[in-house]
Structure formats: C-alpha cells, structure tokens
Visitor: 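Can you read through this structure? Questions will come right after.
No hydrogens, no waters, no symmetry mates; every other heavy atom, side chains included, goes into these values. Order of the sequence lines fixes the chain letters, A, B, ..., with proteins taken first and strands second; residue numbering starts at 1 for each chain.
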Amino acid sequence: MGGLGVRPVGHSDPRDRDPDDGPQVPAPAPPPAQPAAGPEPQQRVPDWWRVERPPLEDLHPAPPAAAPAPVAAPPAQRAAPPAPQQPAPSGPVAKTPQPGGPVKKVASDQKRTAVRKLGEGVTGDRRVRIVAFNGTAACFGWGLGLVDLLKPYVAAAEQAAVGVFGLVLAVVCAGLAWKATGSPVFAGVFKGLTPVLRPIVTALAAEIGRRNAPAAVAYVNAYGEEWGLGPSAVSLLLTAAGICGGLWWCIDRRIRHWHWSCRWLLRVPLASALLTVLPYSSGPVA
Amino acid sequence: MHHTVVLAAPGVNGLQLFGAVTLTFFAFASAFCLIAGLKGSDRIKIQTRDQAAIWGFVTGALWVNAGGTWADWANSFGDVGRSMTADTGFGDPGLGGSACLMLLAAWCWPFKKRMAFPAFLALSGAVLAGQAGGIPGMAVGIIRAIVSKLAGG
C-alpha cells in the first residue's frame with residue numbers, strides 16, 4: 001500500500017509530525033521521582049535474572065523525602081554483575097570491577113598457546129620419549145646395516161628349532177652345572193679334584209642338554225602348538241630374547257648412569273635388534 | 001550301548017560348559033563391550049588409553065577368529081592400518097612393520113580423552129599382526145587359541 005493508504009485515526013505520518021506538537025498518543029504518566037544519588041536508572045521490569053537477589057527498595061522505591069540515605073549507599077554493589085542484554089549503563093556503573101577480577105598481564109613467552117601445550121604434552125610424555133630415543137637409534141643402526149646383519153639369524157632360528165633348543169638347553173645346563181660345582185658341598189666332597197672336575201662336569205651337562213633338544217621340541221610340539229606356541233614360535237621367541245637380552249645385559253645395563261648422548265650411541269645395537277625382531281613376519285597365524 | 005550314551009552326553013564338548021557358545025558370540029560380545037565402554041558405560045569401564053588399546057587388540061583378534069563378515073570387517077580395519085603405514089612415501093615396512101607401527105601408535109597415543117583412536121589403532125594392529133605372524137602374531141595366536149578352546153573348538 002505504500003504511502004497511499006489511509007492511516008487510522010491518531011496515527012499520522014511521522015514525517016509530518018511537528019516536534020513541538022507533542023505525541024498524538026497520550027504519554028504514560030512519568031515514573032516516580034528517582035532517588036537523588038542513585039547512579040542506576042530505575043527499571044520498570046525487575047532484574048530478577050541477576051545472580052544477586054535485588055533488594056526490595058528497587059521494586060518499591062520509597063519516597064525521596066522519607067528515606068534517601070539507605071538507597072544511596074548500596075547501588076554500587078548491586079550493579080556489580082551487569083545483565084548481558086541490558087543497555088550499557090552510563091555514569092559510574094561502567095567503572096565497577098569485573099567479576100573475575102582484573103585481567104593479569106602475562107608475558108608472551110609464558111602464554112599457554114595450543115602449540116606449547118602440544119609440545120609440553122609430547123616432551124613430557126615418557127612413552128613418546130622412549131619411542132623417540134630408541135626409534136632414532138634404530139634408524140641409525142638400520143643405516144649402518146645392523147638390521148640386515150641380524151635378519152638372517154632370526155629367519156634361520158625359526159626354521160631350525162632343534163638347533164636353537166639345543167643351544168639354549170646346553171647353555172642352561174652348563175650354567176646350572178657350573179653353579180652346582182662351585183658350591184662348598186661339591187668342594188667338600190671332591191676336595192683337590194674340584195678344579196679339574198668342574199669344567200668336565202659342566203661340559204658333560206651341556207652335552208646332555210644339547211642331546212635332549214629333540215625331546216623338548218617334541219614336548220612343545222605336542223602341548224604348545226594348540227595354544228599358538230609351536231616349536232618355531234618358541235624358537236623365534238628364544239632367539240629374539242637371547243639377542244636382545246644379551247645385548248641389554250652386556251651393554252645397556254652397565255651404562256645407565258652415562259650421559260644420554262653416549263647412551264644413545266650405545267643403544268644402537270639393541271635398538272637395531274628390536275627393529276629386526278619385532279617386525280619380523282613369519283606368515284599368517286593359523 | 002550304555003558307554004555310547006555317556007559319550008554323547010550334551011554340554012561336554014571341549015571346554016564348552018554353557019551350551020553353544022560360538023566364536024561369533026565372542027566377536028559380537030567384544031564388539032558390543034568395546035563400543036559401550038568407549039561411549040562411557042558405567043558397567044563396562046574403559047577409562048584409560050591403555051584399556052582402550054587392550055580392548056581393541058582383543059576385539060581385532062576375536063573378529064578375525066570368528067570368520068565370515070566379522071573377519072571381513074576386521075580385515076577392512078587392517079587394510080586401513082596397512083595403507084596408513086605402507087603408503088606414506090617413506091617405504092613399505094612390511095606387514096609386521098605395519099602391525100608394530102600401529103601398536104606403537106596405540107601405545108603412545110598422545111591425547112588422553114580420545115580413547116577411540118588407540119582402540120582403533122590396536123584393533124588394526126591386531127589384525128595385521130595376525131596376518132604377519134612373528135612375535136606380535138604370537139599374542140594374537142594365543143588369544144585365538146584360548147577363545148577357540150572356550151568355544152569348544
């Protein structure tokens with residue numbers, strides 16, 4: 001309809017309105033008189049959404065002549081949590097302190113940025129440090145060719161279970177015999193012959209252990225295969241444990257108090273052995 | 001005749017004491033428990049990354065063990081892990097290398113609240129370890145053997 005329509009009575013075009021003429025619609029009665037010292041303008045709607053419960057003086061203001069003093073003191077406190085949808089109050093209310101306190105200045109090198117949080121998380125995580133330390137050492141060993149040097153032994157160990165079992169049994173039996181012949185009981189019985197007998201008994205024990213390897217393989221084949229631990233798997237496990245445990249026992253165990261750079265350099269054999277042994281693929285699990 | 005009847009008594013099939021508990025049941029139960037635990041169940045509690053990784057590893061092993069559609073799903077997860085590790089441009093680490101990398105990533109996953117990722121990584125690593133064999137495959141083989149015994153296999 002645009003400007004051609006007929007306006008209802010009492011609603012003239014605002015462009016034609018004379019500012020001195022006053023409103024066409026009768027204005028509501030002016031609000032009651034404000035207290036003289038109140039910085040906050042009187043609100044017709046009670047601000048009940050504030051955290052703080054409004055005092056009754058705001059809703060039912062007393063006549064200024066009756067009690068102006070008690071209303072004058074608290075408004076600065078009442079205005080502390082400003083409502084978000086309200087228009088910004090003017091005057092001294094804008095200078096009230098923020099609820100969270102003053103904003104502190106933080107130096108730029110101490111700010112908790114996302115990148116710094118991630119960096120702290122990575123360097124502060126023990127597992128990530130372990131992986132980084134050993135992974136770089138393993139990469140160095142792979143570059144030196146240690147992985148290719150060890151790989152044929154691992155592959156052969158899986159195929160030659162009897163030989164690995166024989167070696168392990170020989171070492172175990174020899175160690176036990178050496179310990180047993182070093183006891184005071186043995187020395188008490190054989191007295192002066194002990195230094196001669198000790199190597200002989202040890203060698204015999206090693207030979208007995210070596211010859212019993214097929215029996216051990218047959219036992220593992222009979223009882224371990226159904227649990228996923230056949231002779232080839234156990235042989236691979238024994239070889240891996242022997243290589244890695246031997247390197248740790250010979251090298252890494254003795255240098256724990258050294259500087260980390262020396263430890264990293266001497267960790268290269270063990271890390272290379274782990275890089276050889278762990279990703280070794282022997283075919284799908286049955 | 002009496003001897004034959006005793007041997008055919010039901011419910012004594014291997015270690016299958018509770019009737020027909022199949023490999024599919026174990027696959028479904030592990031999948032349900034894994035998802036419920038990751039979604040925040042108060043009965044099946046998966047509260048740390050390590051627990052999530054262990055659940056994922058066992059679930060991967062059981063899915064492959066169940067065969068059929070479960071194995072297809074598991075192999076799909078394994079293919080994702082294989083592609084993530086083999087197609088990076090740094091060279092192919094092999095099946096065992098992929099399995100180790102996935103399990104290593106699950107072991108040192110850096111985000112505490114994101115527990116679905118270590119579960120997924122370990123599931124994929126378990127599937128790849130089962131395909132590769134070797135030392136990581138032994139753990140998968142042992143889990144499969146135990147569950148197959150429980151299912152009366």
Visitor: Are more than 12 heavy atoms, taken from residues, nucleotides or ligands other than A/Arg126, located less than 6.0 Å from that residue's CZ atom?
Guide: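 12 or below, so no.
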
Visitor: In terms of heavy-atom proximity below 4.5 Å to chain B, should A/Leu229 be classed as side chain, backbone, both, or neither?
Guide: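 Side chain of A/Leu229 only, per the 4.5 Å heavy-atom cut-off to chain B.
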
Visitor: Counting heavy-atom pairs under 4.5 Å with chain B, which one of A/Gly228, A/Ala233, A/Ala240 comes out on top?
Guide: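 If we count pairs closer than 4.5 Å to chain B, A/Ala233 comes out on top.
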
Visitor: Any chance you could measure B/Ile135, atom CD1, to A/Leu237, atom CG, to the nearest 0.5 Å?
Guide: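 Taking CD1 in B/Ile135 and CG in A/Leu237, the distance rounds to 5.5 Å.
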
Visitor: Is the number of heavy atoms from other residues, nucleotides or ligands within 6.0 Å of OH (A/Tyr153) greater than 12?
Guide: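 No, the 6.0 Å shell around OH holds no more than 12 heavy atoms from other groups.
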
Visitor: Please classify the contact of A/Val277 with chain B as side chain, backbone, both or neither, using a heavy-atom distance under 4.5 Å.
Guide: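 Contact with chain B involves both backbone and side-chain atoms of A/Val277.
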
Visitor: Start with the C-alpha gap between B/Met138 and A/Val285, add the side-chain angles, then the distance that decides, and say whether side-chain contact (heavy atoms from CB on, under 4.5 Å) holds.
Guide: CA-CA 8 Å; B/Met138 282 179 205; A/Val285 176; over 6 Å; no

Visitor: Just to be sure I understand the criterion: a residue of residues 100-124 of chain B counts if one of its heavy atoms is under 4.5 Å from a heavy atom of chain A. Which ones qualify?
Guide: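 Checking residues 100-124 of chain B against chain A gives B/Cys100, B/Leu104, B/Trp107, B/Cys108, B/Phe111.
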
Visitor: Quick check on the structure: residues of residues 60-80 of chain B within a heavy-atom distance below 4.5 Å of chain A, by number.
Guide: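 Contacts with chain A: none.
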
Visitor: Rounded to the nearest 0.5 Å, how far apart are OG of A/Ser282 and CG of B/Leu95?
Guide: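 So the gap between those two atoms works out to 11.0 Å.
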
Visitor: Where does B/Ala129 contact chain A at under 4.5 Å (heavy atoms): side chain, backbone, both or neither?
Guide: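 It is the backbone, since no side chain atom gets that close.
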
Visitor: Can you confirm whether more than 12 heavy atoms, excluding those of A/Arg211, are under 6.0 Å from its CZ atom?
Guide: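 Count not over threshold, so no.
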
Visitor: Any idea which of B/Ala145, B/Pro136, B/Ala132, B/Gly137 has the most non-hydrogen atom pairs under 4.5 angstrom with chain A?
Guide: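 The residue among B/Ala145, B/Pro136, B/Ala132, B/Gly137 with the greatest pair count is B/Ala132.
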
Visitor: What residue, out of A/Leu275, A/Ile130, A/Val131, has the most heavy-atom pairs lying under 4.5 Å from chain B?
Guide: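 Looking at each option in turn, the highest pair count goes to A/Val131.
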
